[in-house]
Amino acid sequence: MKIGAPVESAADEARVALTPDSARQLAKLGHSCIIQKGAGKAAGFSDDTYKEAGVEIAATAAALFKAADVIIKVQRPNDAELKRLSADKTLISFFWPGQNEKALKAVASTGASAIAMDMVPRISRAQKMDALSSMANIAGYRAVIEASNNFGRFFTGQITAAGKVPPAKVLVIGAGVAGLAAIGTAQSLGAIVRAFDVRPEVAEQIESMGAEFLMLEFDEDGSGDGGYAKPASPEFIEKEMALFREQAPEIDIVITTALIPGRPAPKLWPAEMVKLMKPGSVIIDLAAEQGGNCDLTVAHKIIETDNGVKIVGYTDFPSRMSAQSSTLYATNIRHMLDDLTPEKDGVLNVNMDDDVIRGATIAHQGDVTFPPPPPKIQAIGKQASAPTAPEPTAQEKAAAALAAERASGRRQVGLLVAGGLFMALLGGYAPAAFMQHLIVFALSCFVGFQVIWNVSHALHTPLMAITNAISGIIIIGALLQIDSPTGIVGILAAVSVLIATINIVGGFMVTRRMLAMFQKS
């Protein structure tokens, strides 16, 4: 198949869906690539760079749509681009089908298959294609950069000969991907960061990044489907506003990230809060495109209120870092095409039995396939939630635990007796030296298993993995045999030491990287 990326038609869109690196990777799947002249210029990718990667350059959008079998874009196609689609083509882009019903029917009427990157299910297997998270990560980072650009002071506190500079106080509302990225960036710049989210389970993530989680004393869980928050009750909102009312007078920068795809943005920072903020404060509203989390947000613009508060309503944060966002988005697209090309032979297979592909496909063979059915994993969960037996009492649970412990003890005794009988039978025929080695091996395996397996999973690192315990046993055994007078035994022992050492050293390196993630530079 030929993969084509046209110039983005949306205003102020600087991203591109194909990069030279992703084109090289697509070639390994059996695809060829074509890009419209100048499509990557705004993202820093020249036509010559694409040519070096083996990408064909089309002079016009019409020529590209005619030549390409698969059209990859960032934004959904406009009316002119929809007319160029046909039944033998596949479109992959952001589409927002729930908000663009007319465009959805139009793309279905062409007979083309349409895959919406904003509809990729949020399941583990689909993380590599999660373009929403990729772009939200960039938006959260860029929000802090825009805040610092519009804030009149340092983020970090300083003591200088000219006086003391207090650190900026930043409040991040919403701790999804964008919120966590904003927290990490503001924290690294030296600000005092506070964060709020209606989902209590994100408190640990917020605190692990060095920010303060603003706990709301209210018995309501705001966790919803797909990792998003659900709409809050009026009572919860009243408590939430009281919390924000306390924070507003001392906060310098507010970054709001609350947005659920396909729904209007919830109003979390009303005009009342803006009036309570100090002059020179900044509000960055990442939900401006859907109406904004702040009452006073104006999409695409920066406004300044009567009390000197700047409200940034940009809707193109990822596009303002077009080189980075294009690289990540093109990688998401490439992973999607990888799943669509299971045989790596350049032939697309829109497998509607695959949860990920089915979830993202909004039109196929002339039919509108949006909304998708729930993923199979959810269906299993629903079956599991069917009526069950009454909850056992505490006494019944204790009795069951005691019975299970006794049964486990009986099994262990039985295995030890069986093992002892086996060793006795084997000892009657095997040489004494063999029995000595076998017993040492069996005991070392048993001790290693007990020491490692009984460690809490929360404490496991690559250095505490069972494979590394086995590698340690192998090294000890191999060292005892490496000076064997038998040449083949010495060679095998040396190879064993080498391979086991590679595994353990790899564990050290991975652990070091993990620890470095939590260290401040």
So that I can tick it off, tell me whether [Y] and [X] are bridged by a salt bridge, with the cut-off set at under 4.0 angstrom between side-chain N and carboxylate O.
| X | Y | answer |
| --- | --- | --- |
| D306 | K275 | no |
| K278 | E250 | no |
| E8 | R15 | no |
| E235 | K239 | no |
| E304 | K310 | no |
| D21 | R24 | yes |
| R125 | D354 | yes |

Test I71 against T90 for side-chain contact (heavy atoms from CB on, under 4.5 Å), laying out the working first.
-> CA-CA 6 Å; I71 307 298; T90 300; over 6 Å; no

Mutual orientation of the aromatic rings belonging to F155 and F151 [parallel < 30°, tilted 30-60°, perpendicular > 60°] = perpendicular

Whether F244 and F196 hold their rings parallel, tilted or perpendicular, with breakpoints at 30° and 60° | perpendicular

T19-S22 side chain donor-acceptor pair, cut-off 3.5 Å = yes

Residues 319-327 side chain polar contacts: donor-acceptor under 3.5 Å, at least two apart:
from: S319; atom 1: OG; to: D12; atom 2: O; distance (Å): 3.2
from: S319; atom 1: OG; to: E13; atom 2: OE2; distance (Å): 3.4
from: S319; atom 1: OG; to: A14; atom 2: N; distance (Å): 2.8
from: R320; atom 1: NE; to: D316; atom 2: OD1; distance (Å): 3.0
from: S322; atom 1: OG; to: A42; atom 2: O; distance (Å): 3.0
from: S325; atom 1: OG; to: P318; atom 2: O; distance (Å): 2.9
from: S325; atom 1: OG; to: M321; atom 2: O; distance (Å): 2.9
from: S325; atom 1: OG; to: S322; atom 2: O; distance (Å): 3.3
from: S326; atom 1: OG; to: V16; atom 2: N; distance (Å): 3.0
from: S326; atom 1: OG; to: S322; atom 2: O; distance (Å): 2.7
from: T327; atom 1: OG1; to: A323; atom 2: O; distance (Å): 2.9

Answer whether the closest heavy-atom distance between the side chains of L259 and L286 falls below 4.5 Å.
-> no

Does M119 reach the side chain of F370, with side-chain heavy atoms less than 4.5 Å apart?
-> yes

Looking at [atom1] of [X] and [atom2] of [Y], how far apart are the two atoms once the value is rounded to the nearest 0.5 Å?
| X | Y | atom1 | atom2 | answer |
| --- | --- | --- | --- | --- |
| M117 | K73 | CE | NZ | 14.0 Å |
| K51 | I57 | NZ | CD1 | 6.0 Å |
| F317 | E146 | CZ | CD | 5.5 Å |
| L296 | D285 | CG | CG | 10.0 Å |
| I311 | T305 | CD1 | OG1 | 6.0 Å |
| L18 | L26 | CG | CG | 6.5 Å |

In sequence, state the C-alpha distance, the side-chain angles, and the governing distance for Q205 and L180, and then conclude on side-chain contact (heavy atoms from CB on, under 4.5 Å).
-> CA-CA 8 Å; Q205 299 177 49; L180 291 174; 3.3 Å; yes

More than 12 non-hydrogen atoms from neighbouring residues, nucleotides or ligands closer than 6.0 Å to [atom1] on [X], yes or no?
| X | atom1 | answer |
| --- | --- | --- |
| E207 | CD | yes |
| K344 | NZ | yes |
| F94 | CZ | yes |

Any donor and acceptor pair, going by atom type alone, linking the side chain of [X] with main-chain N or O of [Y] inside 3.5 Å?
| X | Y | result |
| --- | --- | --- |
| N137 | S133 | no |
| K267 | G291 | yes |
| D295 | A271 | yes |
| N332 | K128 | yes |
| D252 | S281 | no |
| T257 | G174 | yes |
| T369 | T361 | yes |
| Y50 | A23 | no |
| N149 | I145 | no |
| D130 | V120 | no |

Pair V144-I255, side-chain contact (heavy atoms from CB on, under 4.5 Å): steps then yes or no | CA-CA 8 Å; V144 177; I255 300 174; 3.8 Å; yes

Across all chains, not counting sequence neighbours, the side-chain hydrogen bond (donor to acceptor under 3.5 Å, both in side chains) partners of T501 are none

Contacts of A27 meeting side chain to side chain contact (heavy atoms under 4.5 Å, CB included) (sequence neighbours excluded), chain-then-number -> none

